[in-house]
Structures are given as structure tokens and as C-alpha cells.
Amino acid sequence: MTEHDERPTDRAPALPPTADRATFQAELDRLRIREKAHTREGDAIAAARRRLPMVEVAADLELTGPDGPVTLLEAFEGRRQLVAYYFMWHHGHDAAGQCEGCTWVTTQVQELSYLHSRDITYAVFCQGPYGESRRYRDFMGWEVPWYSAVPSQDELLVGRHVGMMHIVCYLRDGDRVFETYWTTLRGVEAMDYSYALMDLTVYGRQELWEDSPSGWPTVQGTPAGHVRLRSGGRPIPQWSRLEAGRSDALTPPP
């Protein structure tokens with residue numbers, strides 16, 4: 001554990017009751033019925049999602065990529081589908097001041113070959129200038145395709161809160177582009193595995209909004225209704241990058 005790991009150490013946490021193996025398994029079997037129902041409901045929701053209508057989006061909307069302007073259509077990289085994560089950007093802030101939530105989910109999207117095997121491209125559409133945000137991408141060590149959505153973000157996110165985190169799914173039919181789904185806020189947990197694993201543990205996410213027994217530990221300093229994704233004033237995964245000697249400067253050297 002490093003000095004930046006978040007773990008309550010001021011007191012021993014409460015413990016679940018102890019039972020014999022048969023009692024434990026009986027309780028787990030009862031819970032498993034609910035888990036299976038939850039899984040089946042998730043499958044049903046996904047089936048309904050696949051039956052949503054779609055809306056056409058201008059295929060020539062401009063993004064900024066590593067070589068300058070590109071179109072939304074070009075961001076598909078020739079594949080039929082595109083999943084775009086709209087990364088929040090805090091203008092005028094350094095790396096420590098960038099969005100901890102967007103950093104959290106983007107950090108966990110690494111292996112893209114499985115998406116590619118289903119004809120899906122994944123890319124980040126940052127809602128900040130390309131140069132600064134690309135330096136943030138490089139500082140974090142992310143290798144996912146990265147664009148600035150600034151030239152067209154009002155059109156791309158029409159009817160939504162520009163500047164907020166979003167996942168938006170697109171479908172390409174020849175040279176035409178259609179939007180098929182979008183989500184925001186806790187919907188972006190679809191990109192996450194850390195919380196999914198925490199949810200399997202006895203203490204869960206250790207956040208105050210959770211329904212946990214009395215005496216269960218919580219991450220210190222987390223207001224009710226909020227999550228704890230910062231440590232020492234920074235998004236948590238930035239510390240390992242700094243310790244590896246990477247520069248977190250987002251402006252070019254003079």
C-alpha cells in the first residue's frame with residue numbers, strides 16, 4: 001500500500017456475523033436468486049436498447065485529431081459502430097484539477113481488441129482543446145484514440161448538458177451516421193470494473209450514500225451523496241504517474 005492509497009486506519013471496522021459453511025451457503029443461495037434476476041433484467045434492458053430508434057447526425061461534424069481536423073465519420077476508423085466517451089475538461093486547470101470521474105473511467109478502458117472484433121471503435125471525445133488534453137492523455141499513459149470535440153460539441157451533444165460526461169453510441173450506414181444511444185452520470189459506470197469488484201466485497205465502495213450496516217468503514221472525507229476519486233488533491237491514478245517521473249504539465253514549455 002502506498003501513502004496515497006485510501007484505507008481507513010483509525011479504527012477496526014465492524015465485521016459481519018460468523019456462521020458455519022452450511023448457513024453461509026444457504027444465505028448466499030437466497031441472494032443468488034436475486035442476482036440472477038438482476039442479470040436477466042439487465043439482459044432485457046439491453047434487448048430494449050437494441051430496439052431503440054436512431055437519429056441521424058451530420059457525418060461531417062468536425063473533430064480535432066493528432067493531424068488536425070477530422071470528421072465524425074472518420075473517427076469510426078472504417079468500422080460500423082463507434083462508442084465515444086465525452087471527457088469533461090476544466091479549462092484553465094492543471095492536471096491535478098482535471099475531472100476525477102472522467103479520469104476514473106478512462107483509466108479502465110485499455111484493451112480494445114474485443115470491441116474491434118465486433119466492429120466497434122472506441123474513442124475519447126474530449127471537451128477541451130486538443131493540445132492540452134492530449135498532453136493529459138499522454139501523462140496518464142492512455143493509448144485510446146483521442147479527439148477534441150470542441151469544434152462541434154454543441155451539435156454533437158444537442159439537447160444535453162455540454163461539458164458533462166457522456167457515453168454516446170453511433171452507427172454508420174455507408175457515409176451516413178446515426179446516434180443510437182447515450183447515457184451520463186452513473187451510466188458511465190459501464191466503463192468501470194473497480195466499482196464492480198468493490199461491490200462484490202463485504203465493505204463495498206465505502207461511500208456514505210451506500211446502504212451498509214452500522215460500523216462499516218467509509219472513505220474519509222467523502223460527503224454524503226458523493227464519491228471519493230481523489231487523494232491528496234489529485235485524481236487517484238495520477239500519483240503513480242508522478243512517481244514514475246512523468247510530467248503533468250498541460251501547457252507546452254516556453
Side-chain angles (χ1 to χ4, degrees), residues 42-43 45-89 98-99 101-184 187-193:
D43 291 342
I45 291 171
R49 192 180 294 121
R50 292 193 294 272
R51 288 164 172 80
L52 289 171
M54 61 186 183
V55 60
E56 188 161 10
V57 181
D60 61 355
L61 288 175
E62 182 180 314
L63 307 167
T64 305
D67 299 316
V70 297
T71 65
L72 176 60
L73 181 63
E74 290 172 317
F76 279 73
E77 298 180 347
R79 298 185 182 91
R80 184 172 295 276
Q81 299 183 84
L82 169 66
V83 175
Y85 179 74
Y86 284 79
F87 196 108
M88 296 172 64
W89 191 255
Q98 292 307 323
C99 178
C102 292
T103 300
W104 151 57
V105 291
T106 304
T107 297
Q108 299 182 73
V109 179
Q110 300 182 55
E111 180 58 63
L112 301 181
S113 63
Y114 296 106
L115 292 174
H116 294 172
S117 75
R118 301 301 194 273
D119 212 13
I120 302 167
T121 291
Y122 171 86
V124 170
F125 288 7
C126 187
Q127 299 173 77
Y130 182 79
E132 286 184 21
S133 67
R134 172 59 188 262
R135 283 187 283 275
Y136 188 58
R137 169 193 182 267
D138 294 345
F139 162 64
M140 293 301 301
W142 298 326
E143 297 182 355
V144 296
W146 191 276
Y147 302 94
S148 169
V150 169
S152 302
Q153 62 186 17
D154 290 338
E155 295 88 348
L156 288 163
L157 292 175
V158 64
R160 284 155 287 195
H161 183 177
V162 174
M164 180 62 70
M165 59 176 67
H166 293 87
I167 298 173
V168 183
C169 298
Y170 300 97
L171 176 68
R172 178 177 67 85
D173 183 20
D175 292 337
R176 300 174 69 188
V177 174
F178 300 87
E179 183 179 324
T180 61
Y181 177 75
W182 70 272
T183 189
T184 187
V188 306
E189 287 184 19
M191 299 163 61
D192 168 78
Y193 66 86

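This one's a predicted model, so the numbers in the text were calculated from it and none came from an experiment.
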Problem - Close side-chain approach of Leu72 to Leu156, heavy-atom, < 4.5 Å - result: yes
Exercise for the section: May I ask you to test the Leu82-Arg172 pair for a side-chain heavy-atom distance under 4.5 Å? Expected result: no
Exercise for the section: Using only heavy-atom distances, determine whether the side chains of Asp192 and Gln108 contain a donor-acceptor pair under 3.5 Å. Expected result: yes
Exercise for the section: Measure from the side-chain N and O atoms of Ser152 to the backbone N and O of Glu155, and report whether any donor-acceptor pair falls under 3.5 Å. Expected result: no
Practice task
Check whether any side-chain heavy atom of Ile167 sits under 4.5 Å from a side-chain heavy atom of Met191, and report yes or no.
Solution key: yes
Exercise for the section: Please report the shortest heavy-atom distance between Met88 and Cys102, naming the atom on each side. Expected result: N-SG, 3.2 Å
Exercise for the section: Under the side chain to side chain contact (heavy atoms under 4.5 Å, CB included) rule, what do Gln81 and Thr180 come out as? Steps first, then yes or no, please. Expected result: CA-CA 10 Å; Gln81 299 183 84; Thr180 61; 5.9 Å; no
Handout entry: Side-chain heavy-atom pair Val70, Asp67 within 4.5 angstrom cut-off
Key = no
Practice task
Provide the closest heavy-atom pair for Val162 versus Gln127 in the form atom of the first, atom of the second, distance.
Solution key: C-OE1, 3.7 Å
Completion exercise
Hits for salt bridge (Lys or Arg N to Asp or Glu O under 4.0 Å) against Arg79, two or more places apart or cross-chain, chain-then-number order -> Glu77
Handout entry: Listed once per pair and sorted, the ring pair (Phe, Tyr, Trp, His ring centres under 6.0 Å) pairs that draw on residues 110-129, sequence neighbours left out
Key = Tyr86-Phe125, Phe125-Tyr147
Fill in the blank from the handout: Residues passing the side chain to side chain contact (heavy atoms under 4.5 Å, CB included) test with Ala46, sequence neighbours excluded, are Arg49, Arg50
Exercise for the section: Using side chain to side chain contact (heavy atoms under 4.5 Å, CB included) as the criterion, list what pairs up with Glu189, not counting sequence neighbours. Expected result: Trp104, Arg186, Tyr195, Arg205
Practice task
Flag the pair His166 / Leu157 as yes when at least one side-chain heavy-atom distance between them is below 4.5 Å, and no otherwise.
Solution key: yes
Problem - Pairs involving residues 128-141, ordered by first then second residue, that meet side-chain hydrogen bond (donor to acceptor under 3.5 Å, both in side chains) (sequence neighbours left out) - result: Thr103-Tyr136, Tyr130-Arg134, Ser133-Trp146, Arg134-Asp138, Tyr136-Gln238
Handout entry: Heavy-atom pair with the smallest gap, counting every atom of Val83 and Cys169
Key = CG2-SG, 4.1 Å
Problem - Validation row: Val177, Phe76 side chains within 4.5 angstrom (heavy atoms) - result: yes
Practice task
Could you check if a side-chain atom of Val109 sits within less than 4.5 angstrom of a side-chain atom of Tyr85, using non-hydrogen atoms only?
Solution key: no
List the atom pairs, donor and acceptor, that lie under 3.5 Å between side-chain atoms in residues 54-64 and the rest of the protein, sequence neighbours left out.
| residue | atom | partner | partner atom | Å |
| --- | --- | --- | --- | --- |
| Glu56 | OE1 | Arg176 | NH2 | 2.7 |
| Glu56 | OE2 | Arg176 | NE | 3.0 |

Exercise for the section: Using a cut-off of 6.0 Å, state whether more than 12 heavy atoms not belonging to Asp175 lie near its atom CG. Expected result: no
Handout entry: Candidate pair Val105 and Met165, rule side chain to side chain contact (heavy atoms under 4.5 Å, CB included), full reasoning
Key = CA-CA 10 Å; Val105 291; Met165 59 176 67; 5.9 Å; no
